[in-house]
Amino acid sequence: MRRLAIWLLSAAALALAACGGDEKPGNDDSTPSVPTAITVDQATIATSVDGGSYPVKITSPARPSLSGLPDWITLTDGTFNAKTYKITMTLNVAANRDYEERSATLTVSAAGVQDVTIMVSQPAKELVKDPVLPNNAAVARTMELGLGWNMGNHFDAYSNGVANETAWGGTPATQATFTGVKAAGFTTVRIPVTWLGHIGEAPDYTLDETWLNRVYEVVGFAENAGLNVILNTHHDEDHGDGHWLNLGAALNSEDTNAQIKAEIAAVWRQIAEKFKDKGDFLMLESFNELICGSEWSIGSNPEKKGQIINEWNQVFVDAVRATGGNNATRWLGVPGYAANPHYLRYFTMPSDPASKTMVAFHCYDPYDYTIGERQLPDWGHTGKSYPRGEDELKDLFNGLYNTYILNNIPIYMGEFGCSMRNHADAKSWAYYLYYLEYFVKVSRAFGIPAVLWDNENEGYGQEHHPYLNHGTGAYIDYSKEAVDVMVKAWSTSDESYTLDYVYNNAPQF
């Protein structure tokens, strides 16, 4: 019996020990003593350039406060647990858009104890350099053209089927016009010319001498000002209005196509003959925006449409080169369907004995912001209407750069622009200027000349592109601010002024 009792007592003691029965009453680890100092689990935080959220666990005898926050760090406060003396505060660090590193010293304070600090550091945004342009003939030529200006809706204006310099409200061009263009910072002028109503009957298609002489005179004004000149046929193409460069008719009839090619050869032979002694400042451009009727989209049978335009461009090159003189070696420009860069896959460069032909295209992307009926209120990643605008332009120009510039094929943008916004509307005006700056900067970064469309129109219709008075060369209203932004985008040589820099300084509204 006694041995059994001892065994039972021993078993009971072991069971009590296993259940913690030997702990002293009142010793509870779940209730810590009041801390005598502030402690943080992260006294130094090194963030990424993109920023992020960083939780900091703080132990303090009383609810702590955080001070010293710069504008690039915001605080998400936590709940202080008075039993555990703990709190988690989250530091939200914004992305660093500047090219300098930055740091901040934050102070954690609580009553009755010494402050502690948290050091936050963030690296600078890496400077993304623009492409290094190749040292080839294509880049040499594109840099010669540089930033240009169109004398739009001037010699390409017409009434009742006859071209007239003042048909659409313009004033006759003078020497002052081009002196003003040069002073504004442009290096090239594109002079669109409509020959409607000034072409005689087949088979000679004789050009009206008075009209031809006036165009010659105005080209001379640009020459005197030291400008490059691009001279083309413009608005002679059929856009559903029956004009003689009728791609749709040529598509449906080989005989019609042959007749149009004969007229192209005759017209360009006469223009080239008139200008064959002009120097290399003058460039001739075959056509403007050839489309099939009113179809701006290439639509069905694109290969055939592209083939006919390729044939017409070849006729142009052959006609100009055959006149000799400086025309044997001067630069020529040729577009594809609608002068649209997205349709250049149907374009073939014409054969040229001088190997001095350039690809021409136009760009008003995105249409709903630049000239469409909607004319969205903002553009770019800081706006709401077209947040991927910069990416789309960069992708377009990068593609052209890889296809043409890197392969030593010169290419230029004969038209670009954006309908002018209301200067009194700060937001609208800021995004308008930003679009122009980014657009010209992206074209410069990829080595593609940009020629601004200026139709001198201050208020009629939806295409408002008034920059310089076509008769005096003076700025129109607030246009100098817009022109200066574009000249800055093309001409600035500072290595820190990159496409990325322009992007990071987009408007903020």
Side-chain angles (χ1 to χ4, degrees), residues 130 145-152 180-181 183-190 341 361-372 374-383 385-394 396-397 412-458 462-468 475-492 494 497-509:
D130 293 341
L145 291 179
L147 181 64
W149 174 83
N150 270 280
M151 181 177 270
V181 171
F186 297 103
T187 53
T188 293
V189 58
R190 182 169 177 259
F361 74 96
H362 300 171
C363 183
Y364 292 94
D365 292 354
Y367 177 81
D368 279 343
Y369 181 72
T370 59
I371 56 177
R374 296 174 62 192
Q375 296 201 359
L376 302 173
D378 54 38
W379 175 88
H381 68 289
T382 61
S385 303
Y386 218 91
R388 291 200 66 254
E390 297 98 340
D391 292 338
E392 290 184 4
L393 285 183
K394 194 171 182 178
L396 170 63
F397 280 86
Y412 68 101
M413 181 165 47
E415 289 183 21
F416 79 94
C418 179
S419 191
M420 189 174 285
R421 300 311 202 260
N422 181 2
H423 184 269
D425 183 336
K427 175 181 176 180
S428 180
W429 184 256
Y431 276 105
Y432 163 71
L433 293 180
Y434 172 62
Y435 173 85
L436 294 176
E437 182 177 9
Y438 190 90
F439 193 100
V440 174
K441 183 58 180 173
V442 75
S443 65
R444 175 63 179 83
F446 289 103
I448 299 175
V451 188
L452 176 70
W453 182 253
D454 183 344
N455 64 5
E456 207 178 12
N457 177 18
E458 298 180 64
Q462 65 194 44
E463 295 192 37
H464 304 159
H465 307 273
Y467 295 96
L468 301 176
Y475 291 106
I476 299 173
D477 292 335
Y478 300 99
S479 64
K480 186 179 188 306
E481 189 176 355
V483 171
D484 287 349
V485 161
M486 290 182 278
V487 171
K488 171 188 174 184
W490 185 271
S491 304
T492 300
D494 187 338
Y497 181 71
T498 63
L499 191 57
D500 192 50
Y501 175 90
V502 177
Y503 178 93
N504 288 326
N505 285 275
Q508 299 283 347
F509 282 89

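FYI, the numbering just counts along the sequence from 1. These numbers were taken from a predicted model, which means no experiment stands behind them.
Contacts of Tyr438 classified as side-chain hydrogen bond (donor to acceptor under 3.5 Å, both in side chains), with partners at least two apart in sequence or in another chain: none. Lys480 pairs by the side-chain hydrogen bond (donor to acceptor under 3.5 Å, both in side chains) definition with Asp484, not counting sequence neighbours. Qualifying side-chain hydrogen bond (donor to acceptor under 3.5 Å, both in side chains) partners for Thr382, counting only residues two or more places apart in sequence or in other chains: Tyr431. Remark: His423 engages Trp429, Tyr478, Glu481 in a side chain to side chain contact (heavy atoms under 4.5 Å, CB included) (not counting sequence neighbours). Under the side chain to side chain contact (heavy atoms under 4.5 Å, CB included) criterion, Gln375 pairs with Ser419, Arg421, Gln462, not counting sequence neighbours. Residues forming a ring-ring contact (aromatic ring centres under 6.0 Å, His included) with Tyr501 (at least two apart in sequence, or on another chain): Tyr497. By the salt bridge (Lys or Arg N to Asp or Glu O under 4.0 Å) test, Asp365 is found to be paired with no residue, residues two or more places apart in sequence or in another chain being considered. Applying the ring-ring contact (aromatic ring centres under 6.0 Å, His included) test to Tyr475 and every residue at least two apart in sequence or in another chain returns nothing. Taking the ring-ring contact (aromatic ring centres under 6.0 Å, His included) definition, one finds that Trp490 meets it with nothing, sequence neighbours left out. Contacts of Tyr412 classified as side-chain hydrogen bond (donor to acceptor under 3.5 Å, both in side chains), with partners at least two apart in sequence or in another chain: Glu285. Asp391 pairs by the side chain to side chain contact (heavy atoms under 4.5 Å, CB included) definition with Arg388, not counting sequence neighbours.
Scanning all heavy atoms of the two residues, the minimum distance from Ser443 to Met413 falls at CB-CE, 4.1 Å.
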Discussion item. Run Asp368 and Tyr386 through side-chain contact (heavy atoms from CB on, under 4.5 Å) and show every step you take.
Written reply: CA-CA 9 Å; Asp368 279 343; Tyr386 218 91; 5.6 Å; no

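Distance check, rounded to the nearest 0.5 Å: CH2 of Trp149 to CG of Asp454 gives 5.5 Å. To the nearest 0.5 Å, atoms CD (Glu415) and CG (Asn455) are separated by 10.0 Å.
Annotation: side chain of Tyr432 is in contact with side chain of Tyr369 (closest heavy-atom distance under 4.5 Å). Residues Pro466 and Asp477 are not in side-chain contact: their nearest non-hydrogen atoms beyond the backbone lie 4.5 Å or more apart. Looking at heavy atoms from C-beta onward, Phe186 lies in side-chain contact with Leu468 at the 4.5 angstrom threshold. A heavy-atom distance below 4.5 Å is not found between the side chains of Leu147 and Ser491. Residues Met486 and Tyr467 form a side-chain contact, since some pair of their non-hydrogen atoms from C-beta on lies under 4.5 Å apart.
Legend: salt bridge (Lys or Arg N to Asp or Glu O under 4.0 Å) pairs involving residues 425-443, not counting sequence neighbours, sorted by first then second residue: Asp130-Lys441, Asp378-Lys427, Glu437-Lys488.
Under the side-chain hydrogen bond (donor to acceptor under 3.5 Å, both in side chains) rule, Glu390 has a single partner from Tyr435, Tyr503, Tyr434, Trp379, which is Tyr434.
Asn457 contributes a side-chain N or O that, together with a main-chain N or O of Glu463, makes up a donor-acceptor pair within less than 3.5 Å.
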